[in-house]
Each structure stands twice: as structure tokens, then as C-alpha cells.
Amino acid sequence: MSDGLVIASTDPIRSFLVAASDYRDHLSDELRDLAASLSTLGSVPYKSLRTVWSALPASSRPSLRLLLDGSDFVFTSPKPRQKSEELKARLKKLAELAEQREYAELVKDVTPKKDNTEPFSSYKDQIGFGLHVVLLMFTGYLVGYAAFRALFNHNPVMNAAGGILGLVCGMLLETVLFIIRASNQDMVKNKAALSSSRLKIKKH
């Protein structure tokens, strides 16, 4: 159907079109075929109807006002706009981001926050660890010195050896404690990652 104004087909319009399809003396074959096809429709384009009406002599056609009397305009809904592929991709990405935000909001009280801090990442931690090591080594030296002094009857050489042995033991003790603390941090991180992965599996 042609674009433009469309009107509802009434009995006068259909009768006019049927009669026009038989006017061989005044209409071309193309216009008669057009009139015949329009006569079968429930609504006709005003432009096509006027083309047929104008081609007829005034003595063989009704007035246009009488022909259109009782007819109403027919309004058609516009076709929905087709979304481009780029727009579809953007909408999909936005939907995925919204879903990720909703999921993060849902599990924020369950999933522990990521701990990105590393051991001794600040000067305060480094200084504190250094002082702790020095204090432990000094304490080990004093304990070893006092123990060897009591055992070897105030022998300066053995007393110094005992102090050095205590210092080494203090260093070893601090190393063991450091390894234990680092292992505990790794275990906490692994448990958090495992809990997060289980939640994601349940969600999907």
C-alpha cells in the first residue's frame, strides 16, 4: 500500500472504484487495474483514490465531497525501530555490568575483603620487625652468656661462646615464628578465595 494519507473504504468508495474499473474509454489499463485492486481493500490510500477520480471526466464521477462522506482516516502504528548491532552489544555489556554489581552487593557480607597488604609493606612494620629481631637476639645472647657462665665457672671464652649460641638460637626462633605467620596469612587468603569460588558456582 502506498505511503501517505489512508482512508477507510466505504460503500460509495467501493462502488465508485468498481465502476471505474470498467471505464475503458476514460481510464488506462493501469488505472483500471488499480481501481479494481483498491475496491477489494478495507482502506485505500487517498492519493491513489484521487488519481483514479481525477482521470475520469466530471460527468462520470461523483463530487469528491460526496465520495469521501462518512469515511474516516486510518492511522497505522509506526514500525518499531530496529536496534543496531552496536547498540545491542552495548546494552548486553551494560546488563552484564549491572548483574556483576548486583552480585557483588549480594555477597559483600559473605565474601571477605581482599587483603592486598604484604608483610613489612610499610616502614613502621619494617622498623618494628627489626627491633623485635634485635631484642630477641640480645635476649638470646644474655641467656646463653649467663648459662655458660654458670656452667663453666666464669670462663670468658666459654661465656662468649654461650652468648653467641644464644644469639643464633634467637635468630632461628625468629625465623620459625616468621614462617608460621606467613603460612597463616596464606591459609586465610586461600580460604577466602575458595569461599568466593563456591559462591560463584552456586550463583551460576
By side chain to side chain contact (heavy atoms under 4.5 Å, CB included) - contacts of [X] (at least two apart):
X     : value
Arg24 : Arg32
Ser28 : Glu30, Leu31
Ala8  : Ser71, Val74
Leu94 : none

Verify the cluster assignment for [X] and [Y]: are they in a single hydrophobic cluster under the rule of side-chain heavy atoms below 4.5 Å apart?
X      : Y      : answer
Tyr145 : Met171 : yes
Leu172 : Leu142 : no
Tyr23  : Val18  : no
Leu165 : Val143 : no
Leu151 : Ile164 : no

Near Glu96 CD, under 6.0 Å, is it more than 12 heavy atoms from other residues, nucleotides or ligands? yes
Residue among Leu34, Leu38, Thr40, Leu67 satisfying side-chain contact (heavy atoms from CB on, under 4.5 Å) with Leu17: Leu38
Each residue besides Leu66 in its hydrophobic cluster should be listed here, by chain and number; the cluster joins Ile, Leu, Val, Met, Phe, Trp and Tyr at side-chain heavy-atom distances under 4.5 Å. none
Apply the hydrophobic cluster definition, ILVMFWY joined by side-chain contacts under 4.5 Å directly or through others, and give me every member besides Leu135. none
Residue pairs fulfilling salt bridge (charged side-chain N to carboxylate O under 4.0 Å, His left out) with at least one residue in residues 51-71, sequence neighbours excluded: none
Atom of Ala35, atom of Ser21 and distance for their closest heavy-atom approach: CB-N, 4.0 Å
Which heavy atom of Leu27 sits nearest to which heavy atom of Ala55, and what is that distance? CD2-CB, 3.3 Å
So how far is it from [X] [atom1] to [Y] [atom2], rounded to the nearest 0.5 Å?
X      : Y     : atom1 : atom2 : value
Glu102 : Glu99 : CD    : CD    : 7.5 Å
Leu49  : Leu5  : CG    : CG    : 10.5 Å
Lys92  : Leu97 : NZ    : CG    : 12.5 Å

Could you tell me which residues satisfy side-chain hydrogen bond (donor to acceptor under 3.5 Å, both in side chains) with Arg90, sequence neighbours excluded, listed by chain and number? none
Once side-chain hydrogen bond (donor to acceptor under 3.5 Å, both in side chains) is applied, do any residues pair with Tyr46, and if so which ones, sequence neighbours excluded? Arg50
Evaluate side chain to side chain contact (heavy atoms under 4.5 Å, CB included) for Phe16 paired with Leu56, printing each intermediate quantity in order. CA-CA 11 Å; Phe16 166 74; Leu56 291 172; 3.5 Å; yes
Who pairs with Phe148 by ring pair (Phe, Tyr, Trp, His ring centres under 6.0 Å), at least two apart in sequence or on another chain? Phe152
Hey, is the main chain of Ala36 close enough, under 3.5 Å, to the side chain of Ser39 for a donor-acceptor pair? yes
